[in-house]
Amino acid sequence: MLYLDNSATTKPYPEVINTFQQVSEKFFGNPSSIHQLGVQAEQLLSKARKQVAHLLGVYDHEIIFTSGATEGNNMAIKGAAFALQEKGKHLITTTIEHPSVSEAFKQLEEHFGFSVTYVPVDQNGFVSVEQIQRAIKEDTILVSVMHVNNEIGAIQPIEKIGEMLEKYPNILFHVDYVQGVCKVPLNIKNANIDLCTISGHKFHALNGTGVLYVREKTPLVPLFSGGSQEYELRSGTESLAGAVALAKGLRLAKEDYQQNLQQLIKTKELIINRINNWDEVVVNTPQHSAPHIINFSVPGIKAEVLVHMLEEHDIYVSTTSACSSRKKLASKTLLAMGKPQHVSESSIRVSLSYKQSEHDIDYFLTVLEQSIEKLKNVMGL
Ligand code: PLP
């Protein structure tokens, strides 16, 4: 099997699965219980929190364990909006955010009386600091920009936006860091970020686990009411095994990053150079992009047909983003970049991990070229 859909989800490291199993078996106590089993569970949770904080370069008490980035993004955006609504009701984001961000903004707009400015991207998928700054009004309370775009891999100028926002101490800065973790470094503390979301299953930890970084003293209204387990910001019994497994996955993914980044960059370059030579292919991924995401279109050929054709050869890629691919939508990011409908509808995302061999990539490119050729003949292109 050749799995090239790592931006949708990753295969957990064997060590992650082992950790999850061991913790589930041995430390099943509730971290809130006051007996011995509870205390042991709480100690293990604190250790996982410390490890994650250390790996992200932040303080332990700024780490909130969540069920993933959809929860983290909703918690950050709605929680900040509700906490600051007395000061203002204007919010800023971009046109290319993941639905867990854009739909949260839409809900705030449609049901809670907030106004939202959606800052556009340029033809390569980048937002500019100047445009974000121009969108700021007197009553702006939140800016949310993703770090790495999940469809084309464009890396947004997060550090520069954070620096610009230093002049606006009343505005909170949220970053969806999901696709950048252990692929494109981001210094959360230096970038003046208040809220930052990550998801375990994008770095070989488990589905249903995640972290929201909440900078000390950031005002946030909790979304769930309940036992207030996570620093009174997130209620619900913690997934202890999930949190420990996330810490393990993050450490291993960071090691992979340190050891295998150059190889990953080379692999991406190789694929782009080869497909750039094929007349029928349009490469959508810009130069300044994450080392694991390659997006291209084959106008005239339906993306899902190509995906299934590759699947017959045991190769797994996706059409645009996994979250929207079942809805058969054109790529939202490509449309926002001004790409025509037929290019946006025929886009394929290949997302790498650190594990592909040269042989794997040769095989992929050979099958891809043959499949495109076959489909072109069938369709008389
Ligand atoms: N943000 C981005 C950029 C993503 O790519 C994803 C998942 O595809 C999410 C948020 C949602 O993450 P989760 O699956 O953990 O809810």
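Numbers here are sequence positions counted from 1. In each ligand, atom 1 is the first atom listed, and ligand 1 is the first ligand listed.
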Checklist line | Heavy atoms from other residues, nucleotides or ligands near CD of Glu86 exceed 12 (cutoff 6.0 Å) | finding: no

Check: With backbone taken as N, CA, C and O and side chain as the heavy atoms from C-beta onward, which portion of Thr70 lies under 4.0 Å from ligand 1: side chain, backbone, both, or neither?
Finding: both

Item checked: Element-labelled atoms of ligand 1 that are located less than 4.0 Å from some non-hydrogen atom of Asp176 -> 1 (N), 2 (C), 3 (C), 10 (C)

Next item on the list: Give the contacting part of Lys202 toward ligand 1: side chain, backbone, both or neither, where contact means a heavy-atom distance below 4.0 Å.
Entry: side chain

Next item on the list: Say whether Asn6 and Arg349, considering side chains only, have a donor N or O and an acceptor N or O under 3.5 Å apart.
Entry: no

Next item on the list: Check each atom of ligand 1 against the heavy atoms of Ser199 and keep those under 4.0 Å away; list them by number with element.
Entry: 13 (P), 15 (O)

Margin query: Hydrogens and angles aside, do Gln21 and Ser24 bring a side-chain donor and acceptor to less than 3.5 Å of each other?
Written below: no

Item checked: Distance-only side-chain donor-acceptor flag, Lys26 / Gln40, under 3.5 Å -> no

Notebook entry, point to check: Would one find more than 12 heavy atoms of other residues, nucleotides or ligands at under 6.0 Å from atom NZ of Lys374?
Noted result: no

Notebook entry, point to check: Under 4.0 Å from ligand 1, counting heavy atoms only, is it the side chain of Asn73, its backbone, both or neither?
Noted result: side chain

Notebook entry, point to check: Quick check: does Ala8 get an N/O under 3.5 Å from an N/O on ligand 1?
Noted result: no

Notebook entry, point to check: Quick one: which ligand 1 atoms are inside 4.0 Å of a heavy atom on His201?
Noted result: 13 (P), 14 (O), 15 (O)

Item checked: Donor-acceptor pair, side chain of Glu62 and main chain of Tyr59, under 3.5 angstrom -> yes

Check: More than 12 heavy atoms of other residues, nucleotides or ligands under 6.0 Å from CZ of Phe28: is that the case?
Finding: no

Notebook entry, point to check: Side chain, backbone, both or neither: which part of Ser100 comes within less than 4.0 Å of ligand 1 when only heavy atoms are counted?
Noted result: side chain

Item checked: Contact atoms of ligand 1, heavy-atom distance to Gly68 under 4.0 Å -> 15 (O)

